[in-house]
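Presented below is the structure to which this report refers.
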Amino acid sequence: MKKTLQFLSVAIILLLSINVKADTIINSELNLFNPDVRKCLLEASKSEGWELKSIYMNSEEKLVYVFSKGNDDKVYLSK
């Protein structure tokens, strides 16, 4: 019984100490206000397995596209 409690406490400590960080890639070199650029971005990202998670306008009036693939994120900001 004592070994089981020790094992459980070690397992819980290990689980709490693991810090999984997602990779975030930020690209601000694209003119996302151009419809052709947006179309190419969507097609290329989809073909590489990236899923579009969000599109919004930030406080600086820049268009933002967020793509996810597993634990990784790509964020595209307009120029």
Side-chain angles (χ1 to χ4, degrees):
M1 181 73 169
K2 188 175 181 181
K3 285 186 178 185
T4 305
L5 288 175
Q6 287 176 340
F7 176 74
L8 285 174
S9 58
V10 168
I12 290 171
I13 290 171
L14 285 175
L15 285 175
L16 294 175
S17 66
I18 295 174
N19 186 8
V20 179
K21 291 185 179 177
D23 244 353
T24 302
I25 301 165
I26 299 177
N27 184 336
S28 60
E29 299 297 318
L30 299 176
N31 179 6
L32 296 177
F33 291 107
N34 183 331
D36 292 330
V37 172
R38 289 194 308 263
K39 181 180 176 187
C40 288
L41 175 62
L42 291 171
E43 289 174 355
S45 296
K46 185 177 181 180
S47 71
E48 292 178 2
W50 291 89
E51 182 181 350
L52 180 62
K53 288 293 183 179
S54 180
I55 303 171
Y56 61 93
M57 189 78 83
N58 70 6
S59 61
E60 298 173 354
E61 298 290 323
K62 292 185 176 184
L63 195 55
V64 180
Y65 276 67
V66 180
F67 294 90
S68 290
K69 181 179 179 181
N71 287 336
D72 299 332
D73 292 331
K74 280 188 181 181
V75 178
Y76 290 91
L77 299 168
S78 61
K79 285 186 180 180

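Excluded from the calculations below are hydrogen atoms, water molecules and symmetry mates; all remaining heavy atoms, backbone and side chain alike, are included.
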Subject >> From NZ (K53) to CG (D73), nearest 0.5 Å >> reply: 9.0 Å

Original post:
After noting the C-alpha distance and the side-chain angles of L63 and R38, does the key distance pass the side chain to side chain contact (heavy atoms under 4.5 Å, CB included) rule?
Top reply: CA-CA 10 Å; L63 195 55; R38 289 194 308 263; 4.1 Å; yes

**OP:** Rounded to the nearest 0.5 Å, what's the gap from CE on M57 to NZ on K62? Could you check?
**Re:** 12.0 Å

Subject >> From CG (N34) to OG (S78), nearest 0.5 Å >> reply: 11.5 Å

Subject >> Shortest non-hydrogen contact between E48 and K69, atoms and distance >> reply: O-NZ, 2.8 Å

**OP:** For residues W50 and S68, report the shortest heavy-atom separation together with the two atoms involved.
**Re:** CE3-C, 3.5 Å

Original post:
Looking at CD1 of I26 and NZ of K74, how far apart are the two atoms once the value is rounded to the nearest 0.5 Å?
Top reply: 13.0 Å

Subject >> Name of the residue among L30, V64, I55, V37 meeting side-chain contact (heavy atoms from CB on, under 4.5 Å) with Y76 >> reply: L30

Subject >> Beyond-backbone contact of F67 with L42, side-chain heavy atoms, under 4.5 angstrom >> reply: yes

